[in-house]
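Here the structure comes first, spelled out in structure tokens, and everything after it is commentary.
Heads up: numbering here begins at 1 and tracks the sequence. Counting convention: from 1, in listed order, for ligands and their atoms alike.
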Amino acid sequence: MCGIFGIITEQEQTLGPILIDSGRRLAYRGYDSVGCATLTADGTVDLRKGVGRIEEVSAKLDFAAMRGLRGITQLRWATFGAPSYANAQPHLDSDGDLVGAHNGNVVNNVQLRELFIREGLTVRGTNDGETCVHAVERHFDRNGGDMLAAIRAAYVDLEGDYAFVVTHRDDHRLYAIKKGSGLVVGLGERQAYVSSDLPSLLPLTRRIVRIYDGEMVVLSPGVVEIYSVHDGARIERDEEWYDGPIEVAEKGGYPHFMLKEIHEQPTVARELLHLLHSSPHVDRFLDALTATGDRPVYLVGCGTSYHACLLGAYLFNQLGGQPAVPVLGPQFIEQYGHSVGPQDTAVFVSQSGETKDVLNAVKVMRERKGRVLGVLNVLGSTLMHHSNVYLPLACGYEISVPATKTFVNQAVLFLYLAYRLAGRNMAKLDGLPDLLAHTIETVDGPARQVAAYLDRWDDMYYLGYGLTHPIALEGALKLKEITYAHCEGIFSSEFKHGPLSAVQDGYPVVFITAPGDEAMMINHINEVTTRGGRAIALAAEHEALRANVHDYLIVPDADRFLSPILATLPAQLVAYHMSVTRGIDPDFPRNLSKTLTVD
Ligand code: F6R
């Protein structure tokens, strides 16, 4: 999982600022290392790269000054090869004639590297992006210096899913190939661009050419040619004019994007509800949901989006009367891939719309002729293109790696659909944005205090019962993701079946409780407190509950089905404050990436 960007222009110029800006827009895809390469008219290659985030590396190596006719930027999220200078991309071939960078995974990387070393190529690192460059190098001479022929031959050697951009110092064109990972082309007046995603191109151009798997592109200034990698035939494709919004990512006075995005939740929830009330797609979406008859609808996602699926399944089953099964992307393939068919519907939920684990499941569903419904935030994403019907989350850009506002809107969307399935009056739901705003205002202080207590521990639990179980998982994920403490979310009744042995004096356990579940939760709380554990309630005010816990994070009193969404906010704020207390940047936690386009 990485991001690649390439540009070719007619006039030699300072390309540095464009490469940096594009890199910043792709930084959500990886921030282990970053590199830029430019090539001047006489074929001189300037390659600068280093470990760390683009802000630091570009300042240190003065990317801004880089000049040329062609340029490549790469943002790396490490899979093959530790983050290091040698593994940072772009890479050179043995004698420095070829420069290239990739996104994705070459699964036979180790075998190919060994082969290249045996054949005498200069292999500098262990990264599979370098393997892509050498794979082209190896076939370049054998094919009489024909880049397209060399790339086609390399494609046969390189197993896995990836996208790859490469250029030769004496060939004034940029080449790229797509096999499983994202790749989009943009056209300018006397320039052409290629990138891992559409949003990174939009500040440069709105003239877009979509590229599909198994296609190679050749970019010259203002021109793109597309070829099939299989038979080398030319493919004609019209450019599209993209007239969607260009999102501007600013912190708006907040110290971190995460805090800003938490505070945006009442607004984006309101906008989503407004959109759902007026969108013609909702009826089509509901028709496809109910078309399965007695068969369950599958709700498929990963990470935070999977937690939304868990909540969605509860709401569909309990409130909407629609059987639904929540399932992880890869688990969908393993468990149901052989049995789903044209009679089935699956809702694929993904903020980015590019998560490989989800797209693999989409592919299986399409092959089996089932209905593919998408719930996504990034318009123009692969999931959007592969959905029979999709609903947008309408959150705008989510920059911070931990998902916050997109989770809340996934939950709001599922609740809205469940209300529609149940024929419920929407008035209560329309009050949700105000309740979210009230929650943020009142809970921030108490969340800081709880975070200060949790900060003393490196191990803890979030417990939820039924409706709040998905929120316990989500609260725990947020906390471990940005504080590096271990935190597990489980169904509260399961605690006594093993994890209870972790409890000792002061051991923190957070109990997320929906209205109506307090009596059950009080039992589970006492199993912890009698053993010296510290119980922290996250619930609407409730006298008996209060009498049984040490700390209380209060959410507004609301309808039972709204309460899990409200409970999400304090959990996000606790994780945020604890992260900041620990001196961690919650927007860019170590080892992670906003979009995971690898298996
Ligand atoms: C955690 C988080 C991840 C994502 C997961 C799926 O805060 O953001 O767990 O939810 O990687 O991503 P999407 O929703 O883009 O498919």
Side-chain angles (χ1 to χ4, degrees), residues 1 3 26 28-31 77 79 181-182 196-199 256-259 261-262 265 299-312 326-332 346-362 373-384 386-387 390-411 413-414 462 470-471 473-484 487 489 568-569 571-576 579 584-599:
M1 166 62 204
L26 289 169
Y28 73 93
R29 302 174 74 94
Y31 40 86
W77 184 72
T79 47
S181 296
S196 294
D197 74 12
L198 175 68
H256 298 101
F257 282 112
M258 183 178 178
L259 192 60
E261 288 158 6
I262 288 173
Q265 291 177 120
L299 306 185
V300 189
C302 295
T304 288
S305 295
Y306 170 65
H307 298 157
C309 293
L310 284 170
L311 181 61
V327 59
L328 295 164
Q331 193 185 13
F332 175 80
V347 182
F348 296 90
V349 183
S350 173
Q351 183 283 129
S352 60
E354 300 293 349
T355 297
K356 182 96 187 323
D357 286 339
V358 173
L359 295 182
N360 288 344
V362 170
L373 305 188
V375 170
L376 48 101
N377 192 42
V378 178
L379 298 176
S381 60
T382 308
L383 176 57
M384 184 179 124
H386 288 327
S387 300
Y390 73 90
L391 291 175
L393 291 168
C395 290
Y397 248 177
E398 187 176 64
I399 303 294
S400 192
V401 165
T404 52
K405 58 179 177 173
T406 52
F407 174 77
V408 160
N409 267 11
Q410 287 164 350
L413 189 140
F414 278 132
Y462 267 70
I471 312 306
L473 267 58
E474 176 57 11
L477 174 64
K478 225 79 310 176
L479 196 133
K480 66 187 141 196
E481 184 179 7
I482 59 171
T483 70
Y484 311 154
C487 182
T568 306
L569 274 51
Q572 294 169 343
L573 285 164
V574 166
Y576 171 78
S579 176
I584 295 166
D585 180 349
D587 289 339
F588 297 99
R590 71 184 179 205
N591 304 339
L592 300 182
S593 162
K594 184 77 180 158
T595 305
L596 288 161
T597 59
V598 292
D599 287 309

I need the atoms of ligand 1 closer than 4.0 Å to a non-hydrogen atom of [X], numbered in the order shown.
{"X": "Ser305", "result": "10 (O), 13 (P), 14 (O)"}
{"X": "Pro402", "result": "7 (O)"}
{"X": "Lys478", "result": "1 (C), 7 (O)"}
{"X": "Glu481", "result": "1 (C), 7 (O)"}

Provide, to 0.1 Å, the distance between [atom] and the closest protein heavy atom, together with that atom's residue and name.
{"atom": "atom 6 (C) of ligand 1", "value": "Cys302 O, 3.3 Å"}
{"atom": "atom 12 (O) of ligand 1", "value": "Thr355 OG1, 3.4 Å"}
{"atom": "atom 11 (O) of ligand 1", "value": "Leu596 CD1, 4.0 Å"}
{"atom": "atom 15 (O) of ligand 1", "value": "Ser352 OG, 2.7 Å"}

(message) Would Gly303 count as a polar contact of ligand 1, with the cut-off being nitrogen or oxygen pairs under 3.5 Å?
(response) no
Could you tell me whether the side chains of [X] and [Y] share a donor-acceptor contact shorter than 3.5 Å?
{"X": "Tyr28", "Y": "Asp197", "answer": "yes"}
{"X": "Glu354", "Y": "Thr382", "answer": "yes"}
{"X": "Thr404", "Y": "Gln265", "answer": "no"}
{"X": "Lys478", "Y": "Thr304", "answer": "yes"}

(message) Minimum heavy-atom separation for Pro470 and His307, please, with both atom names.
(response) CB-O, 3.5 Å
(request) Specify the closest pair of heavy atoms between Ala575 and Thr483, including all atoms of both residues, with the distance to one decimal. (result)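 Residues Ala575 and Thr483, closest heavy atoms: O-CG2, 3.8 Å.
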(request) Would you tell me which option among Leu383, Val300, Thr304 has the nearest heavy-atom contact to atom 3 (C) of ligand 1? (result)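 The nearest heavy atom belongs to Thr304.
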(request) Please state whether His307 comes within less than 4.0 angstrom of ligand 1, counting heavy atoms only. (result) no
(request) Would you check whether Thr406 reaches within less than 4.0 Å of ligand 1, judged by its heavy atoms? (result) no
(message) Donor-acceptor check, side chain of Tyr31 to backbone of Arg590, threshold 3.5 angstrom: yes or no?
(response) no
(message) Under the side chain to side chain donor-acceptor pair (under 3.5 Å) test against Glu398, which residue among Lys594, Lys405, Gln351 passes?
(response) Lys594
